[in-house]
Amino acid sequence: QLQLVESGGGLVQPGGSLRLSCAASGFMLNYYAIAWFRQAPGKEREGVLCIGSSGEATNYADAVKGRFTISRDNAKSMVYLQMNNLNGEDTAVYYCAARPYSCIASAPHPLSLEYDYFGQGTQVTVSS
């Protein structure tokens, strides 16, 4: 049974950093693209970053460019989201999601519909 479990969220001050982890089980991670999504209260779920099975990254959110990076360790079945210089707009529940092989750059519908599996999410709160 395919499962994704996020961890690493918490409360951080503006300007701080966090590293989120996504643990994959029940499938061969190296055949899947993994994306991070986030959803703030009252807002739609938005894509943040994706990393394909070959390690190529796709950025979904201009707001995180230069601050967030995504990486993967197939041997450990882990995907990471390093978040630096956090601000209040980054407060959200963060989810990792999986789809076969490649990230999708865009879609005429919510990107989340292109992903087959989601984790339960981890809360990130940026506040002083």
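Positions are given from 1, in the same order as the sequence printed here.
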State, with a plain yes or no, whether a side-chain heavy atom of P14 is found less than 4.5 Å away from one of N87.
no

For side chain to side chain contact (heavy atoms under 4.5 Å, CB included), just list the numbers for S7 and T122, CA-CA rounded to whole Å, side-chain angles, deciding distance to a tenth of an Å, and then say yes or no.
CA-CA 6 Å; S7 61; T122 186; 5.6 Å; no

D90 side chain near R67 side chain, heavy-atom distance below 4.5 Å:
yes

Return the CG to CG distance between L49 and N59, rounded to the nearest 0.5 Å.
5.0 Å

After noting the C-alpha distance and the side-chain angles of Q39 and E46, does the key distance pass the side chain to side chain contact (heavy atoms under 4.5 Å, CB included) rule?
CA-CA 6 Å; Q39 188 166 17; E46 66 168 346; over 6 Å; no

Is there a continuous path of hydrophobic side-chain contacts, each under 4.5 Å between heavy atoms, that joins V12 to Y80?
no

Minimum heavy-atom separation for Q123 to T91, with atom names?
NE2-CG2, 4.1 Å

Would you compute the distance between atom SG of C96 and atom CE of M78 and round it to the nearest 0.5 angstrom?
9.0 Å

Which atom pair, heavy atoms only, marks the closest approach of A63 to R38?
CB-NH2, 4.3 Å

Could you give the distance from CG (L113) to CZ (R99), rounded to the nearest 0.5 Å?
11.5 Å

Transitive ILVMFWY cluster of L111 at side-chain heavy atoms under 4.5 Å: who else is in it?
F37, Y60, V93, Y95, I104, Y115, F118

Give a yes or no on whether Y94 and L11 share a hydrophobic cluster (residues Ile, Leu, Val, Met, Phe, Trp, Tyr; joining criterion: side-chain heavy atoms under 4.5 Å apart).
no

Ignoring hydrogens and angles, tell me if any N or O in the side chain of R72 forms a donor-acceptor pair with the backbone of S77 under 3.5 Å.
no

Kindly compute the distance separating SG (C22) from CG (L29), expressed to the nearest 0.5 Å.
8.0 Å

Any idea which heavy atoms bring S53 and N30 closest together, and the distance?
CB-O, 3.2 Å

Atom CD of Q3 and atom CZ of F27: how far apart are they, to the nearest 0.5 Å?
10.0 Å

Is there a side-chain hydrogen bond (donor to acceptor under 3.5 Å, both in side chains) between N84 and S17 once you walk through the steps?
CA-CA 4 Å; N84 298 326; S17 297; 2.9 Å; yes

So Y101 and Y31, would you call those rings parallel, tilted or perpendicular, with 30° and 60° as cut-offs?
perpendicular

What's the spacing between L20 CG and M83 CE if we round to 0.5 Å?
3.5 Å

Side-chain contact, heavy-atom cut-off 4.5 Å: Q120 with V5?
yes

Tightest non-hydrogen contact, residues C103 and G52, listed as SG-N, 3.4 Å

How close do L18 and L86 get, heavy atom to heavy atom, and via which atoms?
N-CD1, 3.9 Å

With side chain to side chain contact (heavy atoms under 4.5 Å, CB included) as the criterion, how do V79 and W36 come out once you've worked through the C-alpha distance, each side chain's angles and the decisive distance to 0.1 Å?
CA-CA 9 Å; V79 175; W36 286 95; 3.8 Å; yes

Looking only at heavy atoms, which two atoms of V124 and G9 are closest? And how far apart?
CG2-CA, 4.1 Å

